[in-house]
Amino acid sequence: MGRMIVVFGSLIVSAIFTLYSFWLPIKGKPTIEMINRLPLLISPASYVYIFWFFLFIVLFLWAINYSKNLKSITFISPIQTILFFSIMVFQILSIYLWNNGALLHSSISILLQLLLLFALYLTYPMEGEYLKKRIPIAIYFGWTTFIFMINVCYLLLYHEWHGFGLSNALWVVIILTFATLVALHLRYHHFDIAYPLVFVWCFIGIAISNGFDELLVTTSSLFLSGVLIVGILFMKKNPARS
């Protein structure tokens, strides 16, 4: 029961702080407005950030599911509890630092959060009930990966990085392609459908945001979304579930 208190407590605090900061003023402006104040090509349409609500609903259902199976062998372990609590702490810290203008420190916090999420992700075996309980973590992992991409790109643009002579649009295409490869890797080797689906949502949002103004980014986003969908539908299935 103590583990569930830690999980629910940290999740509630993180959800309130995150949702408040993204849509209501902290330091004068909500987080979305701060993201959109620079012409960031990788930034999606604002509606994409509604995903935060979906994510926290999924995480709460995940926690509730655990609370109903306290004596199950698949119950959340001490190491998983510690990892989840640490992830929530870095979630809050990264947003707090962002809203206080500490962009580099915010990026470092999100990177640490991402590494901890990957560690938590790997604690779930790829079979049976474990695989089902990994899905919310996979969704969270995918979304945090995308947020980290936005954060780093914003940091580079803020400091007027010239990208070795390559255009901003081309760099966005390179980053999205790399993200697609990572998502397909997890789809194939970890039998994960949830992680790439998050990127489909985000890539379509990027295409809508750029529209006809940046056709290279728009067409690449839509093409890579199609690649991910094909990968989700036709890549090798988990032999443990055959």
Side-chain angles (χ1 to χ4, degrees), residues 22 31-55 94 98 103-104 106-107 110-111 113-115 117-118 121 135 138-236:
F22 259 77
T31 303
I32 291 181
E33 262 188 56
M34 295 180 69
I35 293 173
N36 291 334
R37 65 185 174 184
L38 289 182
L40 194 63
L41 299 182
I42 201 172
S43 181
S46 294
Y47 79 86
V48 169
Y49 296 106
I50 294 173
F51 194 87
W52 278 118
F53 288 95
F54 170 76
L55 173 62
S94 64
W98 173 273
L103 302 182
L104 177 60
S106 178
S107 296
I110 297 178
L111 176 60
Q113 179 189 1
L114 194 60
L115 293 174
L117 266 167
F118 185 51
Y121 180 90
I135 291 174
I139 294 171
Y140 192 11
F141 183 32
W143 180 245
T144 304
T145 304
F146 183 70
I147 294 296
F148 176 68
M149 289 163 50
I150 291 177
N151 196 292
V152 171
C153 290
Y154 188 99
L155 178 65
L156 293 173
L157 184 61
Y158 181 81
H159 289 288
E160 299 181 348
W161 183 62
H162 298 294
F164 303 112
L166 300 179
S167 68
N168 289 339
L170 186 55
W171 268 114
V172 170
V173 173
I174 292 172
I175 293 168
L176 296 184
T177 302
F178 178 76
T180 301
L181 293 175
V182 171
L184 292 177
H185 170 82
L186 292 177
R187 171 67 185 107
Y188 185 81
H189 293 284
H190 294 267
F191 314 106
D192 191 342
I193 294 175
Y195 186 94
L197 272 175
V198 173
F199 280 96
V200 172
W201 168 262
C202 296
F203 286 3
I204 292 174
I206 292 172
I208 292 173
S209 176
N210 285 279
F212 294 103
D213 296 328
E214 290 289 346
L215 283 177
L216 177 61
V217 175
T218 299
T219 54
S220 298
S221 300
L222 293 175
F223 172 76
L224 293 172
S225 297
V227 171
L228 287 171
I229 291 171
V230 170
I232 290 167
L233 294 176
F234 298 107
M235 269 189 165
K236 181 181 177 182

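Please read all numbers here as calculations on a predicted model, not as lab measurements.
Of all heavy-atom pairs spanning Val173 and Leu216, the tightest one is CG2-CG, 3.8 Å. The shortest non-hydrogen separation linking Ile42 to Met149 is CD1-CE, 3.8 Å. Taking each heavy atom of Leu184 and Gly231 in turn, the nearest pair found is CD2-CA, 4.1 Å. Summarising the geometry of Pro196 relative to Arg187, their closest heavy-atom pair is CG-CB, 4.4 Å, with the distance given to 0.1 Å.
Within the 4.5 Å cutoff, the side chain of Phe141 has no heavy atoms near those of the Val198 side chain. Side-chain contact between Leu111 and Val152: absent, with no pair of heavy atoms (C-beta onward) separated by less than 4.5 Å. Thr218 places none of its side-chain heavy atoms less than 4.5 Å from the side chain of Phe212. Put simply, the side chain of Val172 does not reach to within 4.5 Å of the side chain of Ser221, judged on heavy atoms. You'll find the side chain of Phe178 reaches within 4.5 Å of the side chain of Val182, heavy atoms only.
Each of Tyr154, Phe148, Phe22, Tyr158 was evaluated against Trp98; a single residue qualifies, Tyr154, per the ring pair (Phe, Tyr, Trp, His ring centres under 6.0 Å) test. Under the side-chain contact (heavy atoms from CB on, under 4.5 Å) test applied with Trp143, the options Ile139, Thr145, Ile147 reduce to a single match, Ile147.
Phe164 and Trp171 have tilted rings, their planes meeting at an angle from 30° to 60° on a 0 to 90° scale. Between Phe199 and Phe146, the ring planes lie perpendicular to each other; the angle is over 60°, past the 30° to 60° tilted range.
Thr144 contributes atom OG1, which lies 11.5 Å from atom CG of Leu115 (distance to the nearest 0.5 angstrom). Considering CE of Met235 and CD1 of Ile193, their distance stands at 12.0 Å, rounded to 0.5 Å. Rounding to the nearest 0.5 Å gives a distance of 3.5 Å between CG of Leu197 and CD1 of Ile232. In this structure, CD1 in Ile204 is found 10.0 Å from CG in Leu228, a value given to the nearest 0.5 Å. Between the OG1 atom of Thr180 and the CD1 atom of Ile175 there is a distance of 11.5 Å, given to the nearest 0.5 Å. To the nearest 0.5 Å, atom CG of residue Asn210 and atom OG of residue Ser220 are 10.0 Å apart.
Between the side chain of Ser209 and the backbone N or O of Ser43, at least one donor-acceptor pair lies under 3.5 Å. In this structure, Ser94 contributes its side chain and Ser106 its backbone to no donor-acceptor pair below 3.5 Å. Judged by distance alone, the side chain of Trp201 and the main-chain N or O of Val48 form a donor-acceptor pair under 3.5 Å.
Annotation for Phe234: atom CZ does not count as buried by contact number, only 12 or fewer foreign heavy atoms lying within 6.0 Å.
Between His190 and Tyr195, a ring centre-to-centre spacing not shorter than 6.0 Å is recorded.
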